[in-house]
J.: 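Quick one: structure below, then a few questions.
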Number of protein chains: 2
Amino acid sequence: MARGRPPAHTVDQVVAAAIGIADTEGLGAVTMRRIAQQIGAGAMSLYTYVPDKDRLVDLMVDRVGGTRTLVVLTGDWRTDLLAVAASQRSLMLAHRWLPAALPNRRLTGRNMLAYLEEGLAALEPTGLSGAVKLEIIALVTGLVATFVTAELAGSAPVPEQVALIGEAVATGDFPQLASVLAEGGQGAEPDFDRLAAWTITGLVTQALDS
Amino acid sequence: MARGRPPAHTVDQVVAAAIGIADTEGLGAVTMRRIAQQIGAGAMSLYTYVPDKDRLVDLMVDRVGGTRTLVVLTGDWRTDLLAVAASQRSLMLAHRWLPAALPNRRLTGRNMLAYLEEGLAALEPTGLSGAVKLEIIALVTGLVATFVTAELAGSAPVPEQVALIGEAVATGDFPQLASVLAEGGQGAEPDFDRLAAWTITGLVTQALDS
DNA sequence: CTATTTCTGGTACGACGTACGAGAATTGCG
DNA sequence: CGCAATTCTCGTACGTCGTACCAGAAATAG
C-alpha cells in the first residue's frame with residue numbers, strides 16, 4: 001500500500017506554519033508562497049495538502065480551536081456559558097488574528113464542532129430549542145470577538161486622526177466631542193468578565209422570556 | 001483662479017460609485033478599475049480624488065453615515081442610546097457591506113464624528129467620563145455589527161457542511177449536536193430590539209457600577 | 001505666445017491565488 | 001528485474017489586484 005511518491009510534509013505542518021506566521025506577522029502575511037518558504041517547499045506543493053487558501057484558514061481556525069481550554073460544566077447555565085466565553089476569549093487573545101479570521105468560516109472541523117457541543121451542553125438546562133441555542137452560541141462568539149477586538153485595539157489614536165478631529169472640533173459643531181478631547185483622560189480598561197456576564201446572561205434571558 | 005486642467009469628476013462621484021458597487025455586488029467587487037469603469041474614467045484618474053483605496057473605504061463609510069436617521073434625544077440615556085443603536089442597525093441593513101468594512105477604519109469623517117457626538121450626547125446624563133463613553137460607543141457599534149451579521153447570515157447551512165457535520169456526529173462524539181440535528185427545527189429570528197436593550201443597557205450599567 | 005499648473009490615463013511592476021503539466025519518487029505486477 | 005500506474009513536487013504562467021511613473025492634454029497667468 002501507499003503507492004506513489006510519498007508526501008514530503010503533512011497537512012498539520014502546513015497549517016501549523018500558517019498559524020505561526022499569523023501569530024507573529026498577522027493574517028495579512030499568510031500567503032501560500034510565504035507558508036511554502038517557511039516549511040521549505042514550493043508554493044504549489046501546498047495544494048497537495050489543502051484544496052485552496054480559504055480552506056486553509058478554516059483549518060487554521062479549527063487547529064487553534066484544539067488548544068482551547070475545555071470547560072468543566074457545573075450544570076448552571078450562567079456559569080457554564082460564561083466559562084465557555086472566557087475560554088474563547090483566551091484563545092482570541094493568544095491568536096489575535098482569530099477575530100478577523102472568524103467571519104465566513106465553514107464550521108466543519110472537529111474542534112469547532114466540539115466548541116458548539118460545549119455551548120449546547122452549557123445551555124442544556126435552559127430547555128431552549130436547538131436552533132435557538134445555536135443562535136445564542138453564534139451571538140456569544142460574536143460578542144466575545146467584539147470585546148476582544150476592543151481590548152486589543154486599546155485606545156491608540158493615530159496622531160493624524162487627532163489632528164483631523166481637532167480641526168473638525170474647532171468648528172464648534174461637536175461640543176460633546178470637544179469636551180471629551182479637552183478632558184484628555186486615559187480610558188480605564190473595561191472589565192471583560194463583567195461586560196460578558198451582563199450581555200451574555202441578558203441574551204439568554206431574553207430568549208427564555210420570548 | 002482654478003488653474004490647471006479642470007477635474008472631470010468629483011470625489012463624491014467616485015465614492016458614490018464605489019458605494020453603488022458595494023451595495024449591489026458586495027465589497028469584494030469594489031476595485032479601482034471597476035469604479036473607474038463605472039464613472040467612465042481611467043483607473044489611475046481616481047488617485048486624483050483619493051489617496052489610496054483604504055481611504056476610499058473610509059470615505060464610503062463616512063458617506064453612508066451621512067444618510068443615517070438622526071436621533072432626537074429625550075434625555076433618558078437608555079432610550080437615547082438604544083435609538084442610536086437602532087439607527088445604526090438600519091444603516092447596516094441598508095448597506096450590508098458595512099459591518100465587514102467597519103474594522104480598522106479611521107474615524108476622521110464628519111459623519112462619523114457626528115455619530116460619536118450623538119452617542120456622547122445620549123450618554124451625557126450618565127455622568128461617565130469621556131473616555132469611558134467613547135469606549136461604550138465603540139462596543140455598542142461592535143455589538144450592533146454582530147447582531148446584524150447574525151441577522152444577515154440567517155440560518156443558511158450549506159449542504160456540504162451538513163454532510164460533513166452529519167458524518168462527524170455519526171461517530172457519537174457530539175451527542176448534543178446530534179439531537180439538535182435530529183430536531184431540525186428552524187430557528188426563530190431573534191428580536192434585535194430586545195437583545196440590544198439587554199446587552200447595551202447592561203454595558204452601561206456595568207460602567208456605572210465600577 | 002509661453003510658462004505653469006493640474007488632471008488624464010496608458011504602461012508597467014510586484015504582489016496575490018492558483019491552473020497546468022513535465023519530472024521525480026514510490027509501489028504492484030509481469 | 002523492468003515497466004506501468006500512481007502520487008507528490010514545483011517551475012512557469014495567467015489573470016487579478018493596488019498603484020508608481022510619466023508623457024500628454026487642458027486650463028490659467030503673465
Side-chain angles (χ1 to χ4, degrees), chain A residues 1-61 63 97 100-101 103-106 160, chain B residues 1-61 63 97 100-101 103-106 160:
Chain A
M1 53 168 70
R3 312 201 351 165
R5 181 173 179 170
H9 311 277
T10 65
V11 186
D12 241 53
Q13 277 174 38
V14 172
V15 177
I19 292 172
I21 295 167
D23 282 346
T24 59
E25 304 172 50
L27 201 55
V30 177
T31 69
M32 300 309 264
R33 289 172 231 263
R34 180 84 181 70
I35 299 166
Q37 177 205 333
Q38 192 78 15
I39 65 177
M44 291 314 293
S45 300
L46 301 185
Y47 289 91
T48 305
Y49 307 100
V50 152
D52 57 34
K53 196 192 173 184
D54 201 50
R55 308 307 180 98
L56 172 60
V57 179
D58 284 346
L59 293 176
M60 289 173 66
V61 171
R63 191 179 206 269
W97 48 271
N104 305 319
R105 284 304 122 213
R106 276 164 287 279
E160 174 213 8
Chain B
M1 52 169 65
R3 314 205 343 167
R5 181 173 180 169
H9 311 276
T10 65
V11 186
D12 240 52
Q13 275 175 38
V14 172
V15 176
I19 292 172
I21 295 167
D23 282 345
T24 59
E25 304 172 48
L27 201 54
V30 176
T31 69
M32 300 309 264
R33 289 173 234 260
R34 181 85 181 69
I35 299 166
Q37 177 206 330
Q38 192 77 17
I39 64 176
M44 292 314 294
S45 299
L46 301 185
Y47 289 93
T48 304
Y49 307 99
V50 151
D52 57 35
K53 195 193 173 181
D54 201 50
R55 307 308 180 99
L56 172 60
V57 179
D58 285 347
L59 292 177
M60 290 172 65
V61 171
R63 191 177 206 270
W97 48 272
N104 305 319
R105 285 300 123 215
R106 275 163 288 279
E160 174 211 10

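Per chain, numbering begins at 1; letters A, B, ... match sequence-line order.
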J.: Check whether any side-chain nitrogen or oxygen of B:Thr48 sits under 4.0 Å from OP1 or OP2 of C:dT6, and answer yes or no.
T.: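 Checking B:Thr48 against C:dT6: no side-chain N or O falls below 4.0 Å of OP1 or OP2.
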J.: For the pair made of NZ in A:Lys53 and C1' in C:dG17, what is the distance, rounded to whole Å?
T.: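 Distance, rounded to whole Å: 8 Å.
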J.: Measure across B:Pro7 and B:Tyr49 and return the closest heavy-atom pair with its distance rounded to 0.1 Å.
T.: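 Scanning both residues completely, I find the closest heavy atoms to be CB-OH, 3.6 Å.
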J.: Using atom CD1 of B:Ile39 as one end and atom C1' of C:dG9 as the other, report the distance to the nearest whole Å.
T.: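 Rounded to the whole Å, the gap is 12 Å.
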J.: When rounded to the nearest 0.5 angstrom, what distance separates CZ in A:Arg55 from CZ in A:Arg105?
T.: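 Answer rounded to 0.5 Å: 10.0 Å.
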J.: Please list all pairs passing the side chain to side chain donor-acceptor pair (under 3.5 Å) test where one or both residues lie in residues 11-22 of chain A, with sequence neighbours left out.
T.: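 Counting only pairs at least two positions apart or across chains, the side chain to side chain donor-acceptor pair (under 3.5 Å) contacts touching residues 11-22 of chain A are A:His9-A:Gln13, A:Asp12-A:Arg63.
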J.: With axes from five pairs an end, tell me the bend angle of the helix from C:dC1-D:dG30 to C:dG30-D:dC1, nearest 10°.
T.: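 Taking the rotation axis at each end, their angle is 30°.
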J.: A:Ser45 or B:Tyr47: which one's nearest nucleotide on DNA chain D is closer to the 5' end?
T.: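 Result: A:Ser45.
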J.: Could you pull out all residues at least two apart from A:Arg5 that satisfy side-chain contact (heavy atoms from CB on, under 4.5 Å)?
T.: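 A:Arg5 satisfies side-chain contact (heavy atoms from CB on, under 4.5 Å) with no other residue.
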J.: Let me check something: any side-chain donor-acceptor pairs from residues 33-40 of chain A under 3.5 Å, sequence neighbours excluded? List them with distances.
T.:
unit_1, atom_1, unit_2, atom_2, d
A:Arg34, NH1, A:Gln38, OE1, 2.8
A:Arg34, NH2, A:Glu25, OE2, 2.5

J.: With sequence neighbours left out, what residues match B:Asp23 under salt bridge (charged side-chain N to carboxylate O under 4.0 Å, His left out)?
T.: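 For B:Asp23, no residue satisfies salt bridge (charged side-chain N to carboxylate O under 4.0 Å, His left out) once neighbours in sequence are set aside.
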J.: Want to settle it: does A:Pro51 or B:Tyr49 sit nearer the 5' end of DNA chain C, counting the closest nucleotide to each?
T.: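 Taking each residue's closest nucleotide, the earlier one in sequence belongs to B:Tyr49.
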J.: Could you tell me the separation between the CG atom of A:Leu46 and the C1' atom of C:dA19, rounded to a whole number of Å?
T.: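 So the two atoms are 15 Å apart, to the nearest Å.
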J.: Around A:Asn104, counting heavy atoms of other residues, nucleotides and ligands shown, do more than 12 lie under 6.0 Å from its CG?
T.: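 It does not: A:Asn104 CG has 12 such atoms or fewer within range.
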J.: Not counting sequence neighbours, list each pair that qualifies as a salt bridge (charged side-chain N to carboxylate O under 4.0 Å, His left out) and has a residue in residues 35-45 of chain B.
T.: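 Of all non-adjacent pairs touching residues 35-45 of chain B, none passes salt bridge (charged side-chain N to carboxylate O under 4.0 Å, His left out).
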J.: With sequence neighbours left out, write down each residue that passes side-chain hydrogen bond (donor to acceptor under 3.5 Å, both in side chains) with B:Arg3, or none if nothing qualifies.
T.: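 Here no residue qualifies.
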J.: If I compare all heavy atoms of A:Ala101 with all of A:Val61, which pair ends up nearest, and what's the gap?
T.: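 It is CB-CG2, 4.3 Å.
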J.: Heavy atom of residues 8-38 of chain A under 4.0 Å from DNA chain D: which residues?
T.: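 Those residues whose heavy atoms fall under 4.0 Å from DNA chain D, taken from residues 8-38 of chain A in numerical order, are A:Ala8, A:Arg33.
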J.: Filter on salt bridge (charged side-chain N to carboxylate O under 4.0 Å, His left out), then keep only pairs touching residues 40-51 of chain B, sequence neighbours left out; what's left?
T.: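 As it turns out, there is no salt bridge (charged side-chain N to carboxylate O under 4.0 Å, His left out) pair with a partner in residues 40-51 of chain B once direct neighbours are skipped.
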J.: Apply side-chain contact (heavy atoms from CB on, under 4.5 Å) to A:Met32 and list each qualifying residue two or more places apart in sequence or on a separate chain.
T.: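 So A:Met32 forms a side-chain contact (heavy atoms from CB on, under 4.5 Å) with A:Leu46, A:Tyr47, A:Lys53, A:Leu56.
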J.: What string of B, S and - do you get for nucleotides 21-30 of chain C 5' to 3' if you count protein non-hydrogen atoms under 4.0 Å?
T.: --BBBBSS--
J.: Would the number of heavy atoms belonging to other residues, nucleotides or ligands and lying under 6.0 Å from CG of A:Asp54 be above 12?
T.: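 Buried by this count: over 12 neighbours within 6.0 Å.
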J.: Which nucleotide of DNA chain D is the first, and which the last, in the 5' to 3' direction, to come under 4.0 Å of a heavy atom belonging to chain B?
T.: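 Reading along DNA chain D, I get D:dC17 to D:dA29.
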